[in-house]
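What follows is a single structure, written as structure tokens, with notes after it.
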Amino acid sequence: MTTTAYLSLGSNLGDRQAYLAEALRRLEADHTHLTAVSSVYETLPQGKTDQPLFLNMAAVVETTLDARGLLTHLLDVERSLGRVRLERWGPRTIDIDLLLYGREVIQEPGLTVPHPYMCQRAFVLVPLLELAPDLTLPPSDEPLSEILRYLPDGGVVRVLDRESFLRMTRTVQ
């Protein structure tokens, strides 16, 4: 059985675009297949604001892993790309968050789905809604587009459409 999961990716160190592209490539595995990606957005840092601007995007995967297994896969991809967790909301080569896992609501140590901050962040919802404009938040089924209407835009600027990004990522190996 496969489950559709929605991810948020971000990078603000080094070649940000290359880190996003390589993360997407490494997400592909026997158990996880990338099915869609959003455009790439440049965004202001949140929480800790004295750091470089981020590139952010969303992705959809189909996976046979359970939510914990998918989270482990995401963390492995982050580590393989040099992610080091030194400070909360600090700069990073790559950040991959599990936003939604099917329609499941999960509250476990180290795993909360839907992602606990996704509805507070325009830089997450803008690319996510580009992929799935009618997406709702489980379990309430509140439209994410309505939640986004009440958030400040937070400096979310599209810098690369998805087709251009995909063309450019074909050169990343």
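Nothing here was measured: the structure is a model prediction, and the numbers come from that model.
Residue Leu131 is grouped with residue Met118 when hydrophobic side chains (ILVMFWY) are merged at heavy-atom distances under 4.5 angstrom, including chains of intermediate members. Hydrophobic clustering (side-chain heavy atoms under 4.5 Å, transitive across Ile, Leu, Val, Met, Phe, Trp, Tyr) groups Leu111 together with Val61. Following chains of ILVMFWY side-chain contacts shorter than 4.5 Å, one cannot reach Ile94 starting from Leu13, and the two form parts of different hydrophobic clusters. Ile106 and Leu100 are assigned to two separate hydrophobic clusters, defined by single-linkage of ILVMFWY side chains at heavy-atom distances under 4.5 Å.
Put simply, the side chain of Leu151 does not reach to within 4.5 Å of the side chain of Arg121, judged on heavy atoms. Counting only heavy atoms from C-beta outward, the side chains of Val126 and Tyr41 approach each other to under 4.5 Å. Leu74 places none of its side-chain heavy atoms less than 4.5 Å from the side chain of Val77. Side chains of Arg79 and Leu75 form a contact here, defined as non-hydrogen atoms less than 4.5 Å apart. Looking at Val37 and Met57, their side chains come closer than 4.5 Å, going by heavy atoms from C-beta outward. Using a 4.5 Å heavy-atom cutoff, the side chains of Glu78 and Asp95 are in contact. For the pair Leu55 and Phe123, the minimum side-chain heavy-atom distance is 4.5 Å or more. By the 4.5 Å heavy-atom criterion applied to side chains, Leu7 and Leu27 are counted as neighbours.
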Audit row: Arg26, Leu81, side-chain contact (heavy atoms from CB on, under 4.5 Å) steps and yes/no = CA-CA 9 Å; Arg26 293 182 188 198; Leu81 290 172; 3.5 Å; yes
request  = Check the pair Ile147, Leu137 against side-chain contact (heavy atoms from CB on, under 4.5 Å), reporting the backbone distance first and the verdict last.
outcome  = CA-CA 9 Å; Ile147 294 169; Leu137 184 66; 4.1 Å; yes
key: CA sep, side-chain torsions, deciding dist, call: Leu99, Val124, side-chain contact (heavy atoms from CB on, under 4.5 Å)   = CA-CA 9 Å; Leu99 302 176; Val124 170; 3.7 Å; yes
query = Under the side-chain contact (heavy atoms from CB on, under 4.5 Å) criterion, do Thr63 and Tyr101 qualify, and how do the steps go?
reply = CA-CA 10 Å; Thr63 185; Tyr101 182 83; 4.0 Å; yes
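Heavy-atom minimum distance, Leu20 versus Gly10: CD2-N, 4.0 Å. Across every non-hydrogen atom of Gly14 and Tyr19, the tightest pair is CA-CE1, 4.3 Å. Closest heavy-atom contact between Pro127 and Ala122: CD-O, 4.0 Å. Between Leu98 and Val113, the shortest heavy-atom contact is CD2-CG2, 4.0 Å. Scanning all heavy atoms of the two residues, the minimum distance from Pro138 to Pro114 falls at O-CG, 3.5 Å. Listed here is the closest heavy atom pair of Val105 and Pro139: CG2-CD, 3.6 Å.
Side-chain atoms of Arg16 come within 3.5 Å of backbone atoms of Leu53 as a donor-acceptor pair (strictly under, hydrogens ignored). In this structure, Thr35 contributes its side chain and Val60 its backbone to a donor-acceptor pair below 3.5 Å. Between the side chain of Glu42 and the backbone N or O of Val156, no donor-acceptor pair lies under 3.5 Å. One N or O on the side chain of Glu28 and one on the backbone of Leu34 form a donor-acceptor pair closer than 3.5 Å.
Heavy atoms from other residues, nucleotides or ligands lying under 6.0 Å from CG of Asp30 number 12 at most.
In this structure, CG in Leu128 is found 12.0 Å from CG in Asn56, a value given to the nearest 0.5 Å. For the atom pair SG of Cys119 and CG of Leu125, the computed distance is 5.5 Å after rounding to the nearest 0.5 Å.
None of Asp134, Thr136, Leu129 except one satisfies the side-chain contact (heavy atoms from CB on, under 4.5 Å) rule with Leu144; the exception is Leu129. Ser39 pairs with exactly one of Glu163, Arg162, Glu130 by the side chain to side chain donor-acceptor pair (under 3.5 Å) rule, that one being Glu130.
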Pair up each side-chain donor or acceptor in residues 64-72 with any protein partner under 3.5 Å, not counting sequence neighbours, and list the distances.
unit_1	atom_1	unit_2	atom_2	d
Asp66	OD1	Arg68	N	3.4
Asp66	OD1	Gly69	N	2.6
Arg68	NH1	Pro109	O	3.4
Arg68	NH2	Glu108	OE1	3.0
Arg68	NH2	Pro109	O	2.8
Thr72	OG1	Arg68	O	3.1

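A donor atom on one side chain and an acceptor atom on the other are not found under 3.5 Å apart for Ser11 and Arg92.
Under the side-chain hydrogen bond (donor to acceptor under 3.5 Å, both in side chains) criterion, His31 pairs with no residue at all, not counting sequence neighbours.
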